[in-house]
Trainee: 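Mind looking over this structure? Questions follow.
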There are 2 protein chains.
Amino acid sequence: MASIGTKRDAKISLNTVERLSLYRRALEELSHEKIQYVHSHRLAALTGVTPAQLRRDLATFGSFGNISRGYDVRQMSATISRIVGTDEVQNLALVGVGHLGRALLSYKGFEERGFHVAAAFDADPDKAGRVFAGRRCYSMDDLEEVISTLNVRILVLASHPQGLQDAIDRAAAAGVRCFLNFVPKITSVPDGCFIEQIDISAKLEKLSFLSRQKVDQVSAVRR
Amino acid sequence: MASIGTKRDAKISLNTVERLSLYRRALEELSHEKIQYVHSHRLAALTGVTPAQLRRDLATFGSFGNISRGYDVRQMSATISRIVGTDEVQNLALVGVGHLGRALLSYKGFEERGFHVAAAFDADPDKAGRVFAGRRCYSMDDLEEVISTLNVRILVLASHPQGLQDAIDRAAAAGVRCFLNFVPKITSVPDGCFIEQIDISAKLEKLSFLSRQKVDQVSAVRR
DNA sequence: TTCCTATTGTGATTTAATTCACAGTGAAAT
DNA sequence: ATTTCACTGTGAATTAAATCACAATAGGAA
Ligand SMILES: NC(=O)c1ccc[n+]([C@@H]2O[C@H](COP(=O)([O-])OP(=O)(O)OC[C@H]3O[C@@H](n4cnc5c(N)ncnc54)[C@H](O)[C@@H]3O)[C@@H](O)[C@H]2O)c1
Ligand SMILES: NC(=O)c1ccc[n+]([C@@H]2O[C@H](COP(=O)([O-])OP(=O)(O)OC[C@H]3O[C@@H](n4cnc5c(N)ncnc54)[C@H](O)[C@@H]3O)[C@@H](O)[C@H]2O)c1
């Protein structure tokens with residue numbers, strides 16, 4: 001019946017949302033291979049989940065599989081965009097134009113996925129005013145103004161720990177509700193805001209832990 | 001009673017292991033503030049979990065809280081190191097010395113957490129032989145040999161998608177069991193190996209999704 | 001010493017996530 | 001037209017994760 005959108009009263013699991021990105025990555029590769037339809041079995045194998053889980057995840061948002069051809073690759077990819085809200089471009093800004101920040105500025109992948117890095121900020125007065133990878137670097141003094149002017153929806157944090165919480169608070173007051181944080185520092189965000197951590201050391205620790213376990217002592221290893 | 005180590009027959013949840021890193025980050029900050037003991041309530045508040053969950057997580061590995069002083073900050077931090085296996089240094093190597101790879105090479109945080117970036121590899125012949133942030137960059141031809149010589153336990157992947165699977169397969173054959181992958185490409189690893197993805201776009205998509213939801217439609221948002 | 005209080009560790013319970021398993025179905029084959 | 005087959009979507013069952021709630025107890029107060 002191809003109804004798109006959430007079912008009226010269901011709460012949506014964030015695990016499901018995270019897997020949507022995984023599914024979409026696989027769908028994009030299939031699309032590059034000119035594959036039009038894919039069955040849950042194959043897409044599940046590509047992404048390391050069970051076919052039942054894939055179908056269940058999709059069922060959260062409606063029903064868009066063709067019962068014997070499977071799922072339309074391009075259509076499902078577009079549907080996932082709509083679900084996560086990247087069918088229209090979202091503006092990002094970056095705080096901290098150091099080694100990591102410059103790598104992020106040079107990264108082309110964001111635009112491909114519906115994100116536009118609109119501006120960068122740095123506390124270092126030598127950096128403010130300069131241009132990095134085509135983006136103007138602003139002084140932290142201009143944070144609120146630039147956020148409003150450029151309609152920044154998500155702030156990427158790649159500065160030092162000092163001043164981090166302050167940057168979050170100011171950005172939140174200026175209307176930013178989403179933060180992506182690379183800085184290994186305990187932070188908090190106001191009600192109604194969200195912060196996602198990217199903690200590389202934590203991932204390494206997880207790997208370190210896994211590599212020391214006997215296989216049957218670990219539950220639910222996604223590969 | 002302070003028994004350390006896993007209980008005999010219990011399977012360990014990876015969710016728990018991931019939270020250990022979170023706890024440790026908070027413990028390190030408390031340690032810097034010269035705080036000796038911390039109660040589950042406070043540590044839970046710092047890390048955004050419930051006190052019961054924190055205690056349950058720790059109970060997986062034994063019992064090391066003092067019943068009325070709480071947990072010894074430094075001791076618990078050390079215990080977590082031991083659990084995840086970073087009480088002895090683990091050697092990493094990096095594949096792909098581009099923008100992101102060089103940022104990773106310049107990052108001091110790995111050493112602080114018990115990881116040593118021992119070598120780097122790049123397919124570009126102009127890069128092989130040069131030194132980046134103090135690390136020799138090797139040709140991909142030398143992958144197996146360097147991995148063995150330097151006892152590399154974890155391979156960090158920051159190259160282009162082309163050739164990625166090949167690098168994984170070769171490294172696995174040379175004895176590497178753990179991979180940390182920044183490349184947005186579907187991959188697979190042999191049995192007994194583990195791969196952790198760091199997918200920045202996926203995190204952004206999750207944030208995008210969250211910011212469009214009414215609060216009560218989303219379950220389990222960790223802040 | 002004895003009592004009081006607040007905290008840990010953990011059985012019991014609840015809630016969430018995943019998997020099972022199959023009815024209903026649409027396309028292709030005959 | 002009819003049959004066959006394999007697939008989706010989903011109730012039911014199972015498994016895992018989180019929370020509740022409290023007995024046991026260490027430390028401080030009196
Ligand atoms: N480099 C990596 O690969 C890596 C990996 C994981 C995490 N991180 C984290 O990311 C952050 C940045 O790392 P890096 O290697 O780019 O460091 P860096 O020292 O190269 O750059 C940090 C930049 O942030 C700016 N800055 C500092 N405080 C600021 C503030 N309060 N507001 C705005 N800008 C500020 C500095 O001027 C500098 O330009 C660090 O917190 C680091 O722990 C880095
Ligand atoms: N730059 C970022 O912030 C960022 C963020 C997320 C993900 N990524 C991903 O990380 C990877 C690297 O990004 P980047 O910006 O550093 O790219 P880059 O083009 O700057 O660097 C890539 C490097 O990898 C090398 N390389 C390519 N193929 C190789 C192979 N088969 N074996 C060994 N080395 C190889 C290249 O010679 C180059 O030096 C990309 O796949 C990108 O999608 C980057």
Side-chain angles (χ1 to χ4, degrees), chain A residues 1-20 22-23 36-45 47-73 75-76 79 216-223, chain B residues 1-20 22-23 36-45 47-73 75-76 79 216-223:
Chain A
M1 33 218 81
S3 75
I4 290 163
T6 64
K7 297 186 176 181
R8 294 140 306 285
D9 54 351
K11 302 217 171 184
I12 296 161
S13 158
L14 283 186
N15 290 349
T16 292
V17 176
E18 285 172 13
R19 284 189 295 263
L20 288 184
L22 199 62
Y23 302 150
Q36 284 203 325
Y37 288 92
V38 66
H39 290 151
S40 64
H41 178 77
R42 180 168 181 193
L43 191 52
T47 52
V49 304
T50 63
Q53 180 160 68
L54 170 58
R55 295 199 300 273
R56 178 68 79 194
D57 281 339
L58 298 178
T60 309
F61 301 99
S63 127
F64 18 75
N66 177 303
I67 201 164
S68 59
R69 278 190 240 162
Y71 301 91
D72 182 312
V73 169
Q75 180 194 302
M76 197 200 291
T79 302
D216 67 328
Q217 286 185 332
V218 181
S219 66
V221 180
R222 182 187 300 163
R223 291 193 295 125
Chain B
M1 29 227 79
S3 75
I4 291 165
T6 64
K7 298 183 176 182
R8 297 141 306 286
D9 54 350
K11 301 216 172 187
I12 296 161
S13 157
L14 284 186
N15 290 348
T16 292
V17 176
E18 285 172 12
R19 284 189 295 263
L20 289 183
L22 200 61
Y23 302 150
Q36 284 203 326
Y37 288 92
V38 66
H39 289 149
S40 64
H41 178 77
R42 181 169 180 192
L43 191 52
T47 51
V49 305
T50 64
Q53 180 160 67
L54 170 56
R55 295 200 299 275
R56 179 66 81 193
D57 281 340
L58 298 178
T60 309
F61 301 99
S63 129
F64 16 75
N66 177 303
I67 201 164
S68 61
R69 277 190 242 161
Y71 301 90
D72 182 311
V73 170
Q75 180 194 301
M76 198 201 290
T79 301
D216 69 328
Q217 287 185 329
V218 181
S219 67
V221 181
R222 180 186 301 162
R223 289 192 298 125

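The model shown is predicted, which means the values in this text are computed figures rather than measured ones.
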Trainee: To the nearest angstrom, how far is B:Ile12 atom CD1 from D:dT15 atom P?
Mentor: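 Taking atom P of D:dT15 as the reference, CD1 of B:Ile12 is at 21 Å.
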Trainee: Starting from the 5' end of DNA chain D, give me the residue, B:Arg55 or A:Gly70, whose nearest nucleotide shows up first.
Mentor: A:Gly70
Trainee: A:His39 has an atom NE2; how far is it from atom C1' of C:dG26, in whole Å?
Mentor: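 In whole Å, C:dG26 C1' and A:His39 NE2 are 11 Å from each other.
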Trainee: Answer yes or no: does a side-chain N or O of A:Ser13 lie under 4.0 Å from OP1 or OP2 of C:dA17?
Mentor: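 Result: yes.
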Trainee: Just how far, in rounded Å, is P of D:dT8 from CZ of A:Phe61?
Mentor: 18 Å
Trainee: Can you check whether A:Arg55 reaches A:Tyr71 side chain to side chain, under 4.5 Å on heavy atoms?
Mentor: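 A side-chain contact under 4.5 Å exists here.
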Trainee: Using atom CZ of B:Phe64 as one end and atom C1' of C:dG9 as the other, report the distance to the nearest whole Å.
Mentor: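 After rounding, the gap between these two atoms is 11 Å.
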Trainee: How long is the line joining CG of A:Asn15 and P of C:dT15, in whole Å?
Mentor: 19 Å
Trainee: Rounded off to whole Å, could you give me the CD-to-C1' distance for the A:Glu18 and C:dA16 pair?
Mentor: 15 Å
Trainee: Of the candidate nucleotides D:dT25, D:dA18, C:dT18, which contains the atom at the shortest distance from the side chain of B:Ile67?
Mentor: D:dT25
Trainee: How would you label the contact of A:Ser40 with the nucleic acid (heavy atoms, under 4.0 Å): base, sugar-phosphate, or nothing?
Mentor: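 Contact class for A:Ser40: sugar-phosphate only.
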Trainee: Would you please confirm or rule out a distance under 4.0 Å between OP1 or OP2 of C:dG9 and any side-chain N or O of B:Tyr71?
Mentor: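 It does, given that an N or O in the side chain of B:Tyr71 lies less than 4.0 Å from OP1 or OP2 of C:dG9.
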Trainee: What I'd like to find out is whether the side chain of A:Asp57 reaches to under 4.5 Å of the side chain of A:Arg19, using heavy atoms alone.
Mentor: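 With C-beta onward as the side chain, the pair touches.
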Trainee: Are B:Asn66 and C:dT7 close enough that a side-chain N or O sits under 4.0 Å from OP1 or OP2?
Mentor: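 Answer no for this pair, as no side-chain N or O of B:Asn66 is under 4.0 Å from OP1 or OP2.
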Trainee: Could you check if a side-chain atom of B:Phe61 sits within less than 4.5 angstrom of a side-chain atom of B:Thr79, using non-hydrogen atoms only?
Mentor: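 Result no, sub-4.5 Å side-chain heavy-atom pair not found.
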Trainee: Taking the side chain as every heavy atom from C-beta outward, state whether A:Phe64 and A:Asp72 have any pair of such atoms under 4.5 Å apart.
Mentor: no
Trainee: For B:Pro51 and B:Ser40, work out which heavy atoms get closest and say how close.
Mentor: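 What the structure gives for the nearest pair is CB-OG, 4.0 Å.
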Trainee: With DNA chain C as reference, determine whether A:Ser68 or A:Asp57 sits nearer its 5' end, using the nearest nucleotide of each.
Mentor: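 By nearest-heavy-atom nucleotide position, the 5'-most residue is A:Asp57.
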Trainee: I need the CG-C1' distance between A:Leu58 and D:dC7, as an integer number of Å.
Mentor: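 After rounding, the reported distance stands at 14 Å.
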Trainee: Mind calculating the distance between CG (B:Leu54) and C1' (C:dT10) to the nearest angstrom?
Mentor: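 Rounding to the nearest Å, CG of B:Leu54 and C1' of C:dT10 are 14 Å apart.
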Trainee: Of the options D:dA18, C:dT19, D:dT8, whose atoms approach the side-chain atoms of A:Arg56 most closely?
Mentor: C:dT19
Trainee: Among the nucleotides C:dA17, D:dT19, C:dG26, which one has an atom lying closest to any side-chain atom of B:Gln53?
Mentor: D:dT19
Trainee: Tell whether B:Arg69 reaches the base of C:dT7 with its side chain through a donor-acceptor pair below 3.5 angstrom.
Mentor: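 When only heavy-atom distances are counted, B:Arg69 does not reach the base of C:dT7 through any donor-acceptor pair under 3.5 Å.
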